[in-house]
There are 2 protein chains.
Amino acid sequence: MRPTVHDIAAAAGVSLATVDRVLNQRAGVRTVTREKVEQAIDRIGYVRDVAAANLAKSRVYPLVFILPSGDNSFMRGLEAQVRAAIGRSPVERTDISIVTVPAFNADALVAALDAAREKFPAGVAVVAIDSPDVIAAVDRLRADHIPVLTLVSDLAGSKRDHFAGVDNIAAGRTAASLMGRFLGGRSGPVAVLAGSMLVRDHRERLDGFRAVMTENFPGHVLLPIVEGQDDPALVERLVSQVLAASPEIAGIYSLGAGNRGLIAALKRRKNAAPVCVIAHELTQHTRAALNGGLIDVVLNQDAGHEVRSAIRVLKAKADGVAVLGAQERIRLEIFIKDNLPFEQGSNTEMPFEQGSNQAPEQGRQD
Amino acid sequence: MRPTVHDIAAAAGVSLATVDRVLNQRAGVRTVTREKVEQAIDRIGYVRDVAAANLAKSRVYPLVFILPSGDNSFMRGLEAQVRAAIGRSPVERTDISIVTVPAFNADALVAALDAAREKFPAGVAVVAIDSPDVIAAVDRLRADHIPVLTLVSDLAGSKRDHFAGVDNIAAGRTAASLMGRFLGGRSGPVAVLAGSMLVRDHRERLDGFRAVMTENFPGHVLLPIVEGQDDPALVERLVSQVLAASPEIAGIYSLGAGNRGLIAALKRRKNAAPVCVIAHELTQHTRAALNGGLIDVVLNQDAGHEVRSAIRVLKAKADGVAVLGAQERIRLEIFIKDNLPFEQGSNTEMPFEQGSNQAPEQGRQD
DNA sequence: GAAAATTTGATGTACGTAAATCAGAAAATT
DNA sequence: AATTTTCTGATTTACGTACATCAAATTTTC
């Protein structure tokens, strides 16, 4: 049997009330007594039963998610995952609010972070823009002991507690490596399409891509970076211009969003030499393009996993408990036509029949 | 506030005791009363507080993991992950026992399954061998209402509740697609190295690989399948023979284990034409070979994720509650030299200081 | 060495559910 | 209508922790 607070009391030779004072750092315990209790705690290997503690506290975790607004399938998918988490709130004891701010606007983000701070939430998750003002705003939250987690794009130099997102340098390197090998002997320049150099994830992807291309595939010239602001309409115009200007183009690496525009531009480009296209984030559009052969590789981060991980980590940070590092690693998923997962509709297995504890007869629908 | 059993009682106009009888399907409730209660339950949207219920029940989940024994890095890694889960037992309320049986031995597996059944565990996870006897043994467990989960290799035709593993047909297809594209213009036959055709995961990988190779890359002849029994020593002998017999070989797909032997054989093969090598499972050996350029791609399934998912699913099945399908999808990870994750040592972030609920000062070591 | 301040103990209630007991009410059977 | 059987209500204890209150013991201060 796992030791309880009573066992601590007995082991330390003190009363339950004193154990409670130590465990929950209440005042009024002499240092000697506190040490006696703490020694007993790790002597008998006590670990607080978080479930029971939360029950007693009627603990809820008010969390704030700050996401960019705008017409961006990936971010809207991310928001949908947060909404799905809101649906699980009663079970997970969370109270999640979503705040959207204009994309690539540091001032708006700072305002949102400061507004969140006023409400003293148990944690804040934010898709960060890399700027000193944003770093300062994040550090203000941390100064108030509010855990902060960066989502998708990190914020180096800040005091944020955790980053839930992929290794974007590795993503860029992977894209370059696959691009180079897929192109094989073919020659021709390669275009890189980004959203904005203001966000760290885009910069890191570019750095990784450029490093591997210049080192391992110097035969392919990199065309000047195109910044499409993650906006499908703008992306389409810009890509069309690039394709017209460089008809001998061999590859395109789209490291940001707005791929709808990229795909539209590619579709209008008939009877020309094949282009190797690598894009980020699996959406209905990139999925269709992958199946249709317009895109060769999609690099993806699972938004659902990111959101669930973010919530787990923020709750753990709020409670001051450790997180399982391996579990919270966000994988860079590589999709080609052949390993596309089925589109998931309703994604629960074996719906729960209220009030039934019976083992189900069967349930095989993976 | 989330509704409780008391709210059900009030809403249905019955007593708490009756609500309890309905919720836990105890005898002695008239059908009309039961229906009245059930209607009240979904009218007010009651969801059982699993944490409180487990607390009241002092519930523990005895689980059995049946794994193949033998000198196989992947399986030993899987076992290590189960042991790690045993370390978390007090927190997760599990009581896990590990049973190892000789690999590719259906009779031994059946015996282990039947032995597990005697102990009436809350769930059984098994790395399945595809055979009618094993299917029958699994179905005997299910007949006793014991949830069964197949791990790594599935068991079609059985009544198993869930499969925790990757889509192996997609894995084979992915390997073929990458192989074909990496080979580019180069010609030459491709060798396939398997463990045994007795396990379904190996067969499915082969099927997927073969399908894409013959359809999209008919220029490459597939050499006869080599079965190395996942045994490094045997694999080394067999691969050396193949390399000697077909010096013009262009690619090798190792879809099973025992890659230590493959790597050793490749190392001994000096100054010959480059071979594109795709292998499964990231171990210290394949990782080193990937970094060293001996292997081009490693397809992987995260053993830690598989084990944690298996435990979550078995607990859910034992309680008859729904599982989050998306969360339990085991990803096929594709590793090339450029996206190898850092080797994880101790994998917890911010060790918990006993008895402290304080927010930590900082913690940035991703 | 007495008063004041601090520390400790004892005890009770609460969180939401499970499980048991026993008395009483309502049905079904004769 | 009386009896048996089945169903329902009321109440209590428990799980492990949090939190509050008040009394008693100990230490500190003057």
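The sequence lines fix the lettering, A, B, ..., with proteins before strands; numbering per chain opens at 1. Reckoned from all heavy atoms, side chains included, excluding hydrogens, waters and symmetry mates.
- We find that CG of A/Leu55 is positioned 17 Å from P of D/dA14, with the value rounded to whole Å.
- Between B/Val19 and B/Ala52, the one whose closest nucleotide on DNA chain D sits nearer the 5' end is B/Val19.
- Among the heavy atoms of the strands lying under 4.0 Å from B/Ala17 is at least one base atom, whether or not backbone atoms are also near.
- One interatomic measurement links the two molecules: CG of A/Leu16 to C1' of D/dT21, which rounds to 15 Å at whole-angstrom precision.
- A donor-acceptor pair is defined here as one N or O able to donate and one able to accept, closer than 3.5 Å; such a pair exists between the side chain of A/Ser89 and the backbone of A/Ile86.
- Judged by closest nucleotide on DNA chain C, A/Val29 is the one of A/Val29 and B/Arg30 placed further toward the 5' end.
- For the pair A/Arg160 (side chain) and A/Thr150 (backbone), a donor-acceptor distance under 3.5 Å is absent.
- Straight-line distance from the CG atom of A/Asn54 to the C1' atom of D/dA18: 11 Å, rounded to whole Å.
- Listed pair B/Ser15 / D/dG9 meets the phosphate criterion, a side-chain N or O lying under 4.0 Å from OP1 or OP2.
- Applying the 3.5 Å distance criterion, the base of D/dG9 shares a donor-acceptor pair with the side chain of B/Arg21.
- Side chain of A/Arg59 to backbone of A/Ala53: no donor-acceptor contact under 3.5 angstrom is found.
- For the pair A/Arg59 CZ and D/dA18 P, the interatomic distance rounds to 11 Å; values are reported in whole Å.
- Distance CZ (B/Arg26) to P (D/dT8): 15 Å, rounded to an integer number of Å.
- The main-chain N or O of A/Val29 is never found under 3.5 Å from a side-chain atom of A/Arg21 such that the two would form a donor-acceptor pair.
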Could you walk me through whether B/Arg142 and B/Asp139 pass salt bridge (Lys or Arg N to Asp or Glu O under 4.0 Å), step by step? CA-CA 5 Å; B/Arg142 295 293 292 109; B/Asp139 290 353; over 6 Å; no
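- Residue B/Asp49 is in sugar-phosphate contact alone, with no base atom involved, counting any heavy-atom pair closer than 4.0 Å across all strands shown.
- Atom C1' of nucleotide D/dA20 and atom CG of A/Asp20 are separated by 10 Å, given to the nearest angstrom.
- Residue B/Thr33 has its side chain nearest to D/dT8 when only D/dA18, D/dT17, D/dT8 are considered.
- Side-chain atoms of A/Ser58 lie closest to C/dC15 of the nucleotides C/dC15, D/dC19, C/dT17.
- Proximity note for B/Val5 (side chain, C-beta onward) versus C/dA18, D/dG16, C/dT17: the nearest is C/dT17.
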